Amino acid sequence: MTKGNETRITDELYAYMLAHNPPLDEVQRDLVETTYARLPDHAGMQSAEEQGPLLAFLVRLTGARHIVEVGTFTGFSALAMAQALPAGGRLIACDVSEEWTAYGREAWAKAGVADRVELRIAPALDTLRAMPAEPHIDFAYLDADKGNYIAYWEELVPRMRQGGVITTDNVLFHGGVTDPRATGGAAAIQEFNNHVSADPRMDSVMLTVSDGLTLSRKR
């Protein structure tokens, strides 16, 4: 087996990478810092800093106009994607917390994209199942409770247009996916990763970005 590149991501190399990516704008930076300051026990749920520019890049690359986000937390990823939408684009953000998403609402308004984001506070499966059944979603970002990943996937895939992309976060689950005795979230992600790689409807690649991202394209 070819092991591949031996590069180790040190703090210095991580800072170098961030310095050579599009910088966060003032609203994005303020939201990231506010999340860590006000929700220190939960801030690890926020998408990594480099994922904001990546998600925006993918939205522009795919020409997405209709985005669905499953798991919004304080709204950093939704902000980045909404800012990348063209005029008339729409992002449906699914979450269950009014408290956490309130930070996102404030940031979206400051950035001038509040009219592009429709926040739906409800169990995400209910929100997804209430959407039209025909293919209509251009881009989806999945970053929610791991035990429901397969259920979310099965609601999203039939609703993706041909060529539409699902980006799934935390597919390495802090390295726990390699543990044959994994339980909880790690076991759920193991099952999800196997499910995705065997799905004939999608072309998928797993990347070692942050805690692992899988990009999946509808055939």
Side-chain angles (χ1 to χ4, degrees), residues 14-15 17-122 124 127-128 131 136-145 152 156 159-161 164-170 207 209-211 213 215:
Y14 183 72
M17 177 271 295
L18 291 180
H20 288 79
N21 269 345
L24 302 189
D25 63 30
E26 183 178 351
V27 179
Q28 292 174 341
R29 175 62 61 195
D30 182 64
L31 179 56
V32 168
E33 293 177 355
T34 296
T35 299
Y36 276 94
R38 299 187 184 177
L39 301 170
D41 294 337
H42 303 285
M45 294 169 57
Q46 183 170 249
S47 294
E49 182 173 329
E50 65 269 27
Q51 289 175 255
L54 175 59
L55 289 169
F57 180 87
L58 291 172
V59 168
R60 295 188 182 103
L61 183 68
T62 58
R65 298 182 61 85
H66 187 179
I67 299 172
V68 173
E69 176 179 71
V70 182
T72 296
F73 189 41
T74 59
F76 170 63
S77 51
L79 173 61
M81 291 187 288
Q83 289 174 308
L85 277 170
R90 194 74 171 165
L91 186 155
I92 296 176
C94 307
D95 207 281
V96 294
S97 175
E98 289 277 10
E99 176 190 358
W100 291 345
T101 56
Y103 295 102
R105 288 184 187 273
E106 183 178 351
W108 304 332
K110 285 182 181 177
V113 296
D115 60 331
R116 302 180 187 180
V117 182
E118 180 182 345
L119 178 61
R120 298 187 183 180
I121 300 295
T127 299
L128 294 174
M131 291 180 181
H136 64 283
I137 302 171
D138 301 313
F139 190 87
Y141 182 47
L142 176 53
D143 183 17
D145 53 305
Y152 296 141
L156 285 168
R159 292 174 169 84
M160 303 301 298
R161 67 164 175 81
V165 171
I166 301 174
T167 299
T168 306
D169 198 15
N170 303 119
L207 306 175
V209 175
S210 187
D211 191 32
L213 283 178
L215 306 184

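For clarity, every value in this text was computed on a predicted model and none was experimentally measured.
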Heavy-atom side-chain proximity of [X] to [Y] below 4.5 angstrom:
{"X": "Leu31", "Y": "Glu106", "answer": "no"}
{"X": "Arg38", "Y": "Thr74", "answer": "no"}
{"X": "Tyr152", "Y": "Thr168", "answer": "no"}
{"X": "Asp143", "Y": "Ser77", "answer": "no"}
{"X": "Gln28", "Y": "Gln83", "answer": "yes"}
{"X": "Tyr141", "Y": "Ile67", "answer": "no"}
{"X": "Leu58", "Y": "Thr167", "answer": "yes"}
{"X": "Met81", "Y": "Arg116", "answer": "no"}

Can you give me the closest heavy-atom contact between [X] and [Y], atom names plus distance?
{"X": "Leu79", "Y": "Ala107", "answer": "CD1-O, 4.2 Å"}
{"X": "Ala80", "Y": "Gly52", "answer": "CB-O, 3.5 Å"}
{"X": "Pro22", "Y": "Pro53", "answer": "O-CG, 3.5 Å"}
{"X": "Phe76", "Y": "Ala48", "answer": "CE2-O, 3.6 Å"}

Stepwise side chain to side chain contact (heavy atoms under 4.5 Å, CB included) check, His136 with Met131 = CA-CA 9 Å; His136 64 283; Met131 291 180 181; 4.3 Å; yes
Rounded at 0.5 Å granularity, tell me how far [atom1] in [X] sits from [atom2] in [Y].
{"X": "Arg65", "Y": "Leu85", "atom1": "CZ", "atom2": "CG", "answer": "8.5 Å"}
{"X": "Cys94", "Y": "Ile121", "atom1": "SG", "atom2": "CD1", "answer": "9.5 Å"}
{"X": "Gln51", "Y": "Phe57", "atom1": "CD", "atom2": "CZ", "answer": "15.5 Å"}

Any donor-acceptor N or O pair under 3.5 Å, side chains Tyr36, Gln46 | no
Under 3.5 Å, is there a donor-acceptor pair between the side chain of [X] and the main chain of [Y]?
{"X": "Asp95", "Y": "Thr72", "value": "yes"}
{"X": "Asn170", "Y": "Asp211", "value": "no"}
{"X": "Arg159", "Y": "Ile137", "value": "no"}
{"X": "Arg120", "Y": "Val96", "value": "no"}
{"X": "Trp108", "Y": "Ala78", "value": "no"}

Determine, step by step, whether Asp138 and Thr62 satisfy the side chain to side chain contact (heavy atoms under 4.5 Å, CB included) criterion, reporting the C-alpha distance in whole Å, the side-chain angles of both residues, the deciding distance to 0.1 Å, and the verdict.
-> CA-CA 8 Å; Asp138 301 313; Thr62 58; 5.6 Å; no
Describe, in one word, how the ring planes of Trp100 and Phe73 are oriented to each other, choosing from parallel (under 30°), tilted (30 to 60°) and perpendicular (over 60°).
-> perpendicular
Test log, rule side chain to side chain contact (heavy atoms under 4.5 Å, CB included), inputs Leu91 and Val113 | CA-CA 10 Å; Leu91 186 155; Val113 296; over 6 Å; no
